**Student:** 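Got a structure for you, written out below as structure tokens; questions coming shortly.
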Amino acid sequence: MHPRNPYDGPLDFVKLGEAYEPLKMHLKLDPSSGRASIDFKDEEAQRRLTEAIMLRDFDIRLNIPENRLCPPVPNRMNYVLWIQDIVHAHQTQQSRHIRGIDIGTGANVIYPFIACKLEPTWEFFATELDDESYASACKNVASNSLQDRIHVRKASQDGLILFVLDEVSGNFEFTMCNPPFYGSAEEIAQSAEQKELPPNAACTGADIEMIYSDGGEAGFVCKMVAESEKFQTRCKWYTSMLGKMSSVPTVVKCFRERSISNYAITEFVQGQTRRWAVAWSYIDNHLPDSIARIPSIPNKHVLYPYMPPKNTLIQTFPGATTAQLHDTFQHVLEPMAGVSAVRAPSTENGDMPHFLVEAQENTWSRSARRNHKRRGQPPRDAVEPVVDTAPADSNSPGLTCSCRVYDGAASDGQPTAAGVEFQWVYGKDRRLFEGFVGHVSRKIVAALRI
Ligand code: SAH
């Protein structure tokens, strides 16, 4: 479950029934626990439950049609919160007005409704292929007076999945999608036998909602990946949910075939249910590992080889104090030609300050210095001192890296050594980032020894 997901405990059905009368008649007292609940096999009860949560917690009055998918809100929250993490990771003052696209929004427009309530400045284009779901989506948006923030668009079977990027000008921050899960009706029958439920069906959906005959969900996402090549940076992050673990390697292979190296994978665990989401991008901004990789994934895990390379590198320095490290780090950076460091404002949680380090190119390695010497030039730029102000708008440095000294108080109670966390924020060249981390770490070790 996403750490900010508020549905982390059992739902209080009695309170929900008080907030939404139509749920009341479905409430049943469970004699073993003494608590009220609903019969989760009863599709009507599930629809009333989703309507109750949307009304009480998001002030959205939903009308969930009978023969279409009924989204469970706690599970849908996880994906919206991850999208929020991605957007906030790169949000600047100028980019407050965020535009996203929800592909296959369904009859209930669930993702845009949740996201627009969490984020008052976000705007959505929501696409839908199925006529009935499309009509219902339009009605739900209108009855909540959100037409100026959620624009429902009809998709066509042989058009692009990402057609909004063709039809609407300007840039988008993200796309999101809960794709049709199955490849065929037979697959639905098979998974019903094995009692394997798709991610998007609390209730059974119509075939058109659940089947993509060209490879099920992995096929659908790979088609989006192929289409995204045309639109490149028009959208910062293309993302999708995946309901089957086996789809993750298929999609990652698709990234690798197309040399898409900036991508992210996460996992959502909600009760008994495990789901995944992927994101990919053509921009040179990088996400921290806490967003881009499944946290603490063991290297024996089947998905481990498919994880994106690490953007957060941690170097520990046993025996050093944080104050020592802080000073040493600044002393190591000062003589590095062409490297500037600004101290970012301190955070509220009392962490040591971050340094935002920028470099145009590798000026520090032995070979770089040799080359400069041979050409008879000094390394680019004079030494820039560490200053106390926030950075001005940069004109695309080769590398931006956020560095933070931390005190080694580990979350699992085991104290570790103090260290420096290097976060790759921006740049095309991974070797420049890794080379910088290696160089600075070696210099810190040497300086500490002295
Ligand atoms: N987002 C909703 C519905 C997901 S089900 C939820 O999470 O509950 C997948 C949806 O995608 C269905 O509503 C289906 O009709 C729609 N769909 C399938 N192919 C599509 C396409 N090419 N473009 C837009 N929507 C599509």
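The shown structure was predicted, so the numbers you read here are calculated from the model rather than taken from an experiment. Order of listing sets the numbers, starting from 1, for every ligand and every atom in it.
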**Student:** Please state which part of Y212 comes within less than 4.0 Å of ligand 1, counting heavy atoms only: side chain, backbone, both or neither.
**Tutor:** neither

**Student:** Identify the two heavy atoms, one from I83 and one from T175, that lie closest to each other, and give their separation to 0.1 Å.
**Tutor:** CD1-O, 4.4 Å

**Student:** At their closest point, which heavy atom of V221 faces which heavy atom of S240, and how far apart are they?
**Tutor:**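 Closest heavy-atom pair between V221 and S240: CG2-OG, 3.4 Å.
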
**Student:** Using the ring of each side chain (for Trp, its six-membered ring), is F255 parallel, tilted or perpendicular to W280, with breaks at 30° and 60°?
**Tutor:**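 Rings of F255 and W280: tilted, 30 to 60°.
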
**Student:** Which class fits the ring pair Y79 and F268: parallel under 30°, tilted 30 to 60°, perpendicular over 60°?
**Tutor:** tilted

**Student:** Pairs of nitrogen or oxygen atoms closer than 3.5 Å, one from L69 and one from ligand 1: do any exist?
**Tutor:**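 The answer is no, given that L69 and ligand 1 share no N or O pair closer than 3.5 Å.
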
**Student:** Between C70, A137, P179, G104, which one has a non-hydrogen atom sitting closest to atom 3 (C) of ligand 1?
**Tutor:**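 Looking at heavy atoms only, the winner is G104.
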
**Student:** Out of E128, M241, E209, who is nearest to atom 15 (O) of ligand 1 when you count heavy atoms only?
**Tutor:**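 The nearest heavy atom belongs to E128.
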
**Student:** Using a 4.0 Å cutoff against the non-hydrogen atoms of P71, which atoms of ligand 1 qualify?
**Tutor:** 8 (O)

**Student:** Which atoms from ligand 1 have a heavy atom of P180 less than 4.0 Å away?
**Tutor:** 18 (C)

**Student:** Which atoms of ligand 1 are found less than 4.0 Å from any heavy atom of A155?
**Tutor:** 23 (N), 24 (C)

**Student:** What about S156: any of its N or O atoms under 3.5 Å from an N or O on ligand 1?
**Tutor:**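 No, since none of the N or O atoms of S156 sits under 3.5 Å from an N or O of ligand 1.
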
**Student:** Could you note down all residue pairs passing salt bridge (charged side-chain N to carboxylate O under 4.0 Å, His left out) where residues 284-312 supplies at least one of them, sequence neighbours left out?
**Tutor:**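 The answer is D284-K428.
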
**Student:** For a 4.5 angstrom cut-off between non-hydrogen side-chain atoms, does Y238 reach F231?
**Tutor:**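 Result yes, sub-4.5 Å side-chain heavy-atom pair found.
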
**Student:** Mind checking whether F433 and W424 have parallel, tilted or perpendicular rings, split at 30° and 60°?
**Tutor:**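 Taking W424 first and then F433, their aromatic rings lie parallel (interplane angle under 30°).
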
**Student:** Could you tell me whether S133 and ligand 1 have an N or O pair separated by under 3.5 Å?
**Tutor:** no

**Student:** Below 4.0 angstrom from a heavy atom of T105, which ligand 1 atoms are there? Numbered from 1 as shown, please.
**Tutor:**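 Matching atoms, with element in brackets: 1 (N), 2 (C).
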
**Student:** Take E123 and R99 through the test salt bridge (charged side-chain N to carboxylate O under 4.0 Å, His left out) and record every step on the way to the result.
**Tutor:** CA-CA 5 Å; E123 181 186 356; R99 294 198 310 172; 5.1 Å; no

**Student:** Distance under 4.0 Å to a non-hydrogen atom of T127: what atoms of ligand 1 satisfy this?
**Tutor:** 24 (C)

**Student:** Do any heavy atoms of R76 fall under 4.0 Å from ligand 1?
**Tutor:** yes

